[in-house]
Amino acid sequence: MTDFDPIRLEVLKNALEATAQEMGVVLKLTSFSPNIKERMDASCAIFDARAQLVAQAEHVPVHLGSMLKAVGPTLALIDPLQDGDVVIVNDPYLAGAHLPDITLIAPVFVAGRTVAYVASRAHHSDVGGMEPGSMPGRSTEIYQEGLIIPPVLLYRQGVEQRDIMAMVLANVRTPEERRGDINAQLAALRIGIRRVEDMAERFSADGLEAGMDAILDYTERRMLKRLGELPAGTWSAEDCLDDDGADPDPVPIRLKVELRPDRMIFDFDGSAPLRRGNINAVQAMVHSAVFYSIKILMDPTLPPNAGVMRPVEIRVPEGSFLDARRPAAVCAANTETTQRLADTVLKVFAQFAPDRIAAASQGTMNLIGIGGHDPRNGKPYTYIETIGGGQGGRPMGPGMSGVHANMSNTLNTPIEALEISYPFRVERYELRQGSAGPGRHPGGEGIVRALRILDHEARVSLQTDRRIFAPYGLHGGSDGATGLNWMEDAAGNRRALPGKGSLTLKPGEVVAVETPGGGGWGAKDG
């Protein structure tokens, strides 16, 4: 039962991917916070017994690509897991994400041995730190960004470790919501375990493990085939972040890509050194952006698993802001740096594959966090959201408007959900006309989201980019418009806000995020 013909292999591959998708549905439907329930800012994946990514759903690219490099090192620091154990972790330097992304990992046991692992990662609306929402605009060290959870057992052989759960909940502003979202992640793991156990019964434990190996080998073969179809050579590109949140200087990313018939080499030598602000990225985030971009270049049907990265080498210079070490601040790297990394990789790809690569999308997640005490119930609340903008114009047509693109695959929170859940009012939620870059295939428009604080004081944090350097157009298309943040006092006086920062709003005041438009693709005259 360990020999897999193409049909059986396809059945197993699709069963694994469907399981990851079902895990995400369970997580979304059982979660408490609007950030997961409405926006699905969460991801689920399945790993083999050696912690290699074998299947994932089409959830959030920044989560999945970093888990590719993070699950193995996390498990290496834990004693061999027993049936019913669940690991919890959010340490960025190990888990490859920022602190609000809490990851749960559980083994799947069959006949007394581990045959797979299931994992869920979700962006929690608060994990403590200096600002509500745990995404402070101007943090300069990791300790300001929230509670750091090293790899520990949240469940031991099926029994909740109440001291660990109590420690987590004691360090967040919204413990009831956090407990509910963690339970939703646990529910996703349980359905994943059940489905993988069913597959082991169908194919046998040995057959399942052999099938997972075959899936990774199959993906590697397809990757090498597509790589052999690309021209050999070396190409370079550069892009930059507006600033690091603490200092105003731009943060350049420099990339050289070398293509060989059997190898892709990504060299980020020359990128900015470690910065004082919070845009510093751990290496797993760099892998995440490269993994996503390769998937775009090669083949939309290429299975998104560890086999994709076998012919890939990534070189990150030590001491750069792409090689963050403790205690560097990192919270905006997940939302902003990964986006600019993807922009830079795709900018290189556009040089040798011009008909496959779109112009730059908005290039930012436009994160806004608001927190305070809800006068309706007297309890703390924390709202967090990333907001869609313009997609870049594409070889096949115009970019879409008001959508999340590249490293984010979430949704904009509906107005009704916002106003029911939080004590503020949505004043504007509309397309930002004129923000798209023109071209033969124009970019998509950004949007305007304006929120009025009602009868309480609130803290606001902003993590946004592309407020200075616009999303680029390609092949003669024009750049998209840069974004804009502003606030308006109760008397109607308006002032601009920086791309990254935190402030206090009084009752009646408005904060607004106007998101960038996508760049245009191709000259208008064709």
Side-chain angles (χ1 to χ4, degrees), residues 39-43 57-66 123 239 241-242 253 285 288-297 300 304 332-350 356-368 385-413 429 431-432 435-439 441-449 463-467 469-474 477-483 499 513-522:
R39 303 186 56 245
M40 193 49 194
D41 195 350
S43 300
E58 293 184 353
H59 290 151
V60 183
V62 72
H63 291 166
L64 296 162
S66 57
H123 185 133
D239 208 331
L241 292 153
D242 293 342
I253 297 173
M285 297 177 187
S288 180
V290 171
F291 179 67
Y292 164 79
S293 302
I294 288 174
K295 184 71 165 58
I296 287 178
L297 171 69
N334 235 42
T335 60
E336 305 309 312
T337 304
T338 59
Q339 290 279 47
R340 193 63 67 257
L341 283 163
D343 284 345
T344 309
V345 176
L346 294 172
K347 197 174 188 180
V348 174
F349 288 175
R356 297 189 194 180
I357 304 300
S361 297
Q362 64 167 339
T364 172
M365 294 193 193
N366 299 297
L367 186 140
I368 180 171
E385 179 176 18
T386 58
I387 303 173
Q391 183 188 39
R394 300 167 291 169
M396 71 291 291
M400 294 183 287
S401 298
V403 296
H404 292 258
N406 290 354
M407 301 307 292
S408 176
N409 188 33
T410 56
L411 302 172
N412 301 323
T413 310
Y429 179 42
L431 287 180
R432 186 181 175 214
S435 60
H441 297 154
E445 307 279 8
I447 63 174
V448 182
R449 171 86 92 180
Q463 290 288 3
T464 66
D465 209 79
R466 291 293 196 200
R467 269 53 187 171
F469 300 102
Y472 57 78
L474 283 179
S478 298
D479 294 346
T482 55
V513 174
E514 300 191 14
T515 68
W521 190 94

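FYI, the numbering just counts along the sequence from 1. Remember, predicted model here, so these are calculated numbers, not experimental data.
Across all non-hydrogen atoms, the minimal contact from T515 to G388 is OG1-O, 3.0 Å. Across every non-hydrogen atom of S435 and G446, the tightest pair is OG-N, 2.8 Å. Scanning all heavy atoms of the two residues, the minimum distance from L297 to R356 falls at O-NH1, 3.0 Å. Summarising the geometry of A342 relative to A289, their closest heavy-atom pair is N-CB, 3.9 Å, with the distance given to 0.1 Å. Closest heavy-atom contact between M285 and T338: CB-CG2, 3.8 Å. For the pair P471 and G517, the tightest heavy-atom approach, listed with the atom from each and the gap, is CG-O, 3.3 Å.
In this structure, a donor-acceptor pair under 3.5 Å is absent between the side chains of R340 and N406.
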Exercise. Kindly determine whether Q391 and S361 satisfy side chain to side chain donor-acceptor pair (under 3.5 Å), including the steps that lead there.
Key: CA-CA 4 Å; Q391 183 188 39; S361 297; 5.2 Å; no
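Judged by distance alone, the side chain of T386 and the main-chain N or O of L367 form no donor-acceptor pair under 3.5 Å. The main-chain N or O of A436 is found under 3.5 Å from a side-chain atom of E445 such that the two form a donor-acceptor pair.
To the nearest 0.5 Å, the span separating CZ on R467 from OG1 on T482 amounts to 8.0 Å. Rounding to the nearest 0.5 Å gives a distance of 11.5 Å between CG of L341 and CD of E336. N334 CG to Q339 CD: the interatomic distance, rounded to the nearest 0.5 Å, is 10.0 Å. Within the model, atoms CD of Q362 and CG of D465 stand 10.5 Å from one another, a figure rounded to the nearest 0.5 Å. Taking CE of M407 as the reference point, atom OG of S293 lies at 7.0 Å (rounded to 0.5 Å). Atom CD1 of I253 is separated from atom OG1 of T337 by 6.5 Å, given to the nearest 0.5 angstrom.
In this structure the side chain of F291 reaches within 4.5 angstrom of the side chain of P304, judged on heavy atoms.
Every residue two or more places apart in sequence or in another chain that forms a ring pair (Phe, Tyr, Trp, His ring centres under 6.0 Å) with F349 is listed here: F352. D239 pairs by the side-chain hydrogen bond (donor to acceptor under 3.5 Å, both in side chains) definition with R466, not counting sequence neighbours. Here R432 pairs with E514 under the side-chain hydrogen bond (donor to acceptor under 3.5 Å, both in side chains) rule; sequence neighbours left out. With sequence neighbours excluded, the residues that form a salt bridge (Lys or Arg N to Asp or Glu O under 4.0 Å) with D41 are R39. Every side-chain contact (heavy atoms from CB on, under 4.5 Å) that N412 has, sequence neighbours left out, goes to E385, I387, H404, Y429, I447, R449. Partners of H441 by ring pair (Phe, Tyr, Trp, His ring centres under 6.0 Å), not counting sequence neighbours, listed by chain and number: W521.
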